[in-house]
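Keep in mind it's a predicted model, so treat the numbers as computed, not measured.
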Amino acid sequence: MLVKLPNGQEQRVSTESNRPVEWFSEENYLFELSKLREKLRDWLKSGPVIRPLRHYNLVKSWLDQELIDLSISRPRARLSWGIPVPGDSSQTIYVWLDALLNYMTVAKHSQSKMNIWPPSVHVIGKDILKFHGIYWPAFLLAAGLEPPKSLLVHGHWLVDDQKMSKTTGNVVSPQSCINLVTATGLRYFLMHEGVPASDGNFSMKRMVRIANSDLADGIGNLVSRCCGKSLNPLQTRLGVSPSSFESCGTPGSDLLSLLERTPDIVHDEYQKWNFYKGIDQVMALVRGANGFFQTMEPWKLKKEGQLDQLNATMAVTLETARVVGTLLQPIVPSYSERLLDKLGVPQENRSWDFARLRWTTTETALGSQQAVLFPRIKFD
RNA sequence: GGCGGCGUAGCUCAGCUGGUCAGAGCGGGGAUCUCAUAAGUCCCAGGUCGGAGGUUCGAGUCCUCCCGCCGCCA
């Protein structure tokens, strides 16, 4: 864009960096991107390659036009650091070509267990869509290699609807967020509030509120209610059977219904990268469990000596907590680990197969850890 | 200029394939409980579904125009 200098002259500057720009010409090697348009189109059509759909459409519209060949080298005279062009040491490979190969280097060679090229999903920010939706797949296709099977393109975090910038002074430091709410709290907030197709609005206040409400209060308190020695002196988790729910009447059958349908819905939302919707479903289940517990009033059942119903109530609630912990593993792994540890769930029983109600007669000892999964954060 | 996306309660969103003229969470107000991370539960208030017109028995949902925001191309 054109800006006016103090001396009255006008200067063109970059719209992003505000640094002066000028015309010049030089010789470079070019990558024949123009010859790859059809291959890129074929890749785009091969499935839900780019999501959300708006970004897929954007790349599609770029491929509706001719592609211009891409400069991929610079004269060594002004770019001495880097990989020399094979057979012509007067030119250096431009960094934005070879840098992308780091994805492949890590994926293919770091550990034998992880030879996973092409990746099933590559997560990127929307600002680098052209590189990852056009150039990178083109380089790979030209080399006879497979591009990623899909790209998940997410929006940006704004602050009060404004881009973060040093100039505006509204930059949010991830480390300061972690210091305040822990990595778990930050992750939870980002996944809870992140709608892939649109930019999010970041707020420290809102982050604390959401982390507290869900991780400390909703789930953390529920687990505390069940695991406390007051209601659970033997510190065990009893098995659940259909009669566990039946003996709790309507509240039991209502919770059973919720518990049965939630995992599939969550799975479908996760598959579509709609983590925020999946989290909504999980939290609805948590609220259902708290409501069930409140209705059953196990502290009264204990006083009255109704041990069968007390046991059923505890078993049902703890089974629900187990499912919740399993469902939330992709969202908040270490929090879920603590939860599942507290419930005495073996490591081999934490995969997705166990992210649903399971009938069992097995009695499991609770972990001896402190039951505070997520301390409430003081703020304001 | 052309094309595309978005606009639903204070905030974040769902609903968007026409049918209880709208829901959830957070926030706010009130009540209640004490097993529990002062948590839980219940109740209430909050909505011109950007605006106008149209189609239809019926529109937040379909069509047209306008307003605002964002993006791509030129």
Can you give me the dot-bracket string for RNA chain B, 5' to 3', counting Watson-Crick and G-U wobble pairs with both distances under 3.5 Å, using [ ] for crossing pairs and | for partners on another strand?
(((((((..((((.....[...)))).(((((.......))))).....(((((..]....)))))))))))).
Using only heavy-atom distances, determine whether the side chains of Asp88(A) and Tyr29(A) contain a donor-acceptor pair under 3.5 Å.
yes
Base, sugar-phosphate or nothing for Glu297(A)? Non-hydrogen atoms, less than 4.0 Å.
nothing
Without decimals, in angstroms, what is the distance between Ile50(A) CD1 and rG4(B) P?
19 Å
Atom CG of Leu258(A) and atom P of rA24(B): how far apart are they, to the nearest Å?
15 Å
Quick one: label Lys163(A) by what it contacts on the DNA or RNA (base, sugar-phosphate, nothing), any heavy atom closer than 4.0 Å.
nothing
Please measure how far the C1' atom in rU55(B) lies from the corresponding atom in rC62(B), and state the result in whole Å.
8 Å
Ring-face cation of Arg54(A) near Tyr56(A) (centre distance under 6.0 Å, axis angle within 45°)
no
Looking only at atom C1', what distance separates rA9(B) and rG5(B), rounded to whole Å?
24 Å
Whole-Å distance, Lys303(A) NZ to rC35(B) P, equals 6 Å
Any side-chain hydrogen bond (donor to acceptor under 3.5 Å, both in side chains) pairs touching residues 76-87 of chain A, not counting sequence neighbours?
Glu26(A)-Arg78(A)
Tell me: CD of Glu304(A) to P of rC35(B), nearest whole Å?
13 Å
With C1' as the reference atom in both, quote the distance from rU8(B) to rC49(B) in angstrom, rounded to an integer.
4 Å
Enumerate the protein-to-nucleotides 11-15 of chain B contacts in which both atoms are nitrogen or oxygen and the separation is below 3.5 Å.
{"residue": "rU12(B)", "atom": "O4'", "partner": "Arg206(A)", "partner atom": "NH2", "Å": "3.2"}
{"residue": "rU12(B)", "atom": "O2'", "partner": "Glu193(A)", "partner atom": "OE1", "Å": "3.1"}
{"residue": "rU12(B)", "atom": "O2'", "partner": "Glu193(A)", "partner atom": "OE2", "Å": "3.4"}
{"residue": "rA14(B)", "atom": "OP1", "partner": "Tyr276(A)", "partner atom": "OH", "Å": "2.7"}
{"residue": "rG15(B)", "atom": "OP1", "partner": "Lys277(A)", "partner atom": "NZ", "Å": "3.3"}

When you compare the side chain of Glu146(A) with that of Leu140(A), does any pair of heavy atoms fall below 4.5 Å?
no
Syn or anti for rG46(B), please, going by whether the chi angle lies within 90° of 0.
syn
Return all side-chain donor-acceptor pairs below 3.5 angstrom for residues 123-130 of chain A, not counting sequence neighbours, or 'none' if the list is empty.
{"residue": "Lys126(A)", "atom": "NZ", "partner": "Asp199(A)", "partner atom": "OD1", "Å": "2.9"}
{"residue": "Lys126(A)", "atom": "NZ", "partner": "Asp199(A)", "partner atom": "OD2", "Å": "3.1"}
{"residue": "Asp127(A)", "atom": "OD1", "partner": "His156(A)", "partner atom": "NE2", "Å": "3.2"}

Using a strict heavy-atom distance below 4.0 Å, which residues from residues 172-189 of chain A are in contact with RNA chain B?
none
Testing Leu285(A), Thr295(A), Thr250(A) one by one against Leu255(A) for a side-chain contact (heavy atoms from CB on, under 4.5 Å), which residue passes?
Leu285(A)
Do Asp161(A) and Asn201(A) have a side chain donor and acceptor closer than 3.5 Å?
yes
Taking only residues at least two apart or on different chains, which pairs with a member in residues 275-291 of chain A satisfy side-chain hydrogen bond (donor to acceptor under 3.5 Å, both in side chains)?
Arg225(A)-Asn290(A)
Determine, using ring centers only, whether Phe202(A) and Phe189(A) are less than 6.0 Å apart.
yes
rG27(B) C1' sits how many Å from Met207(A) CE, rounded?
17 Å
Using residues 35-43 of chain A as the side-chain source, report each donor-acceptor pair under 3.5 Å to any protein atom, sequence neighbours left out, with the distance given to one decimal.
{"residue": "Lys35(A)", "atom": "NZ", "partner": "Glu32(A)", "partner atom": "OE1", "Å": "3.4"}
{"residue": "Lys35(A)", "atom": "NZ", "partner": "Glu32(A)", "partner atom": "OE2", "Å": "3.4"}
{"residue": "Arg37(A)", "atom": "NH1", "partner": "Leu63(A)", "partner atom": "O", "Å": "2.8"}
{"residue": "Arg37(A)", "atom": "NH1", "partner": "Asp64(A)", "partner atom": "O", "Å": "3.4"}
{"residue": "Arg37(A)", "atom": "NH1", "partner": "Gln65(A)", "partner atom": "O", "Å": "3.4"}
{"residue": "Arg37(A)", "atom": "NH2", "partner": "Glu66(A)", "partner atom": "OE2", "Å": "3.1"}
{"residue": "Glu38(A)", "atom": "OE2", "partner": "Arg41(A)", "partner atom": "NH1", "Å": "2.9"}
{"residue": "Arg41(A)", "atom": "NE", "partner": "Leu63(A)", "partner atom": "O", "Å": "3.3"}
{"residue": "Arg41(A)", "atom": "NH2", "partner": "Leu63(A)", "partner atom": "O", "Å": "3.4"}
{"residue": "Arg41(A)", "atom": "NH2", "partner": "Asp64(A)", "partner atom": "OD1", "Å": "3.4"}
{"residue": "Trp43(A)", "atom": "NE1", "partner": "Pro148(A)", "partner atom": "O", "Å": "3.2"}

Does anything in residues 244-271 of chain A form a ring-ring contact (aromatic ring centres under 6.0 Å, His included)? List the pairs, not counting sequence neighbours.
Phe245(A)-Trp359(A), His267(A)-Trp352(A), Tyr270(A)-Phe275(A), Tyr270(A)-Trp352(A)
Taking the C1' atom of each, how far is rU61(B) from rA22(B), in whole Å?
11 Å
For nucleotides 36-42 of chain B, just jot down a letter per nucleotide in 5' to 3' order: B, S or -, based on protein non-hydrogen atoms under 4.0 Å.
BB-SBS-
Would you indicate which nucleotide in rC72(B), rC35(B), rC73(B) comes nearest to any side-chain atom of Trp299(A)?
rC35(B)
So what does Ile210(A) touch, heavy atoms closer than 4.0 Å: a base, only the sugar-phosphate, or nothing?
nothing
Determine the interatomic distance between C1' on rG30(B) and the same-named atom on rA36(B); round to the nearest Å.
23 Å
Could you tell me how far rC63(B) sits from rG18(B) if I compare only their C1' atoms? Round to whole Å.
13 Å
Determine all donor-acceptor pairs shorter than 3.5 Å in which one atom belongs to a side chain in residues 334-345 of chain A; sequence neighbours excluded.
{"residue": "Ser334(A)", "atom": "OG", "partner": "Thr184(A)", "partner atom": "OG1", "Å": "3.1"}
{"residue": "Tyr335(A)", "atom": "OH", "partner": "Leu215(A)", "partner atom": "O", "Å": "2.6"}
{"residue": "Ser336(A)", "atom": "OG", "partner": "Gly325(A)", "partner atom": "O", "Å": "3.1"}
{"residue": "Ser336(A)", "atom": "OG", "partner": "Leu328(A)", "partner atom": "O", "Å": "3.3"}
{"residue": "Ser336(A)", "atom": "OG", "partner": "Gln329(A)", "partner atom": "N", "Å": "3.4"}
{"residue": "Ser336(A)", "atom": "OG", "partner": "Val332(A)", "partner atom": "O", "Å": "3.2"}
{"residue": "Arg338(A)", "atom": "NE", "partner": "Leu373(A)", "partner atom": "O", "Å": "3.3"}
{"residue": "Arg338(A)", "atom": "NH2", "partner": "Leu373(A)", "partner atom": "O", "Å": "3.0"}
{"residue": "Asp341(A)", "atom": "OD1", "partner": "Arg350(A)", "partner atom": "NH1", "Å": "3.2"}
{"residue": "Asp341(A)", "atom": "OD1", "partner": "Arg350(A)", "partner atom": "NH2", "Å": "2.6"}
{"residue": "Lys342(A)", "atom": "NZ", "partner": "Gly367(A)", "partner atom": "O", "Å": "2.9"}
{"residue": "Lys342(A)", "atom": "NZ", "partner": "Gln369(A)", "partner atom": "O", "Å": "2.9"}

Whole angstrom value for the distance that separates P of rG25(B) from CG of Asn274(A):
20 Å
In whole angstrom, give me the gap between the C1' atoms of rG50(B) and rG7(B).
6 Å
Which is it for Arg206(A) and Glu193(A) under the salt bridge (Lys or Arg N to Asp or Glu O under 4.0 Å) test, yes or no, and what are the steps along the way?
CA-CA 10 Å; Arg206(A) 189 165 168 76; Glu193(A) 293 289 280; 2.8 Å; yes
Between rC72(B) (C1') and His55(A) (NE2): distance, integer Å
12 Å
Pair listing, side-chain hydrogen bond (donor to acceptor under 3.5 Å, both in side chains) test, anchored in residues 251-260 of chain A, at least two apart
Ser257(A)-Arg261(A)
Looking only at atom P, what distance separates rC26(B) and rC69(B), rounded to whole Å?
33 Å
Just the rounded figure in Å: distance from C1' of rA24(B) to CG of Leu285(A).
15 Å
Excluding sequence neighbours, so at least two apart, what forms side-chain contact (heavy atoms from CB on, under 4.5 Å) with Pro86(A)?
none
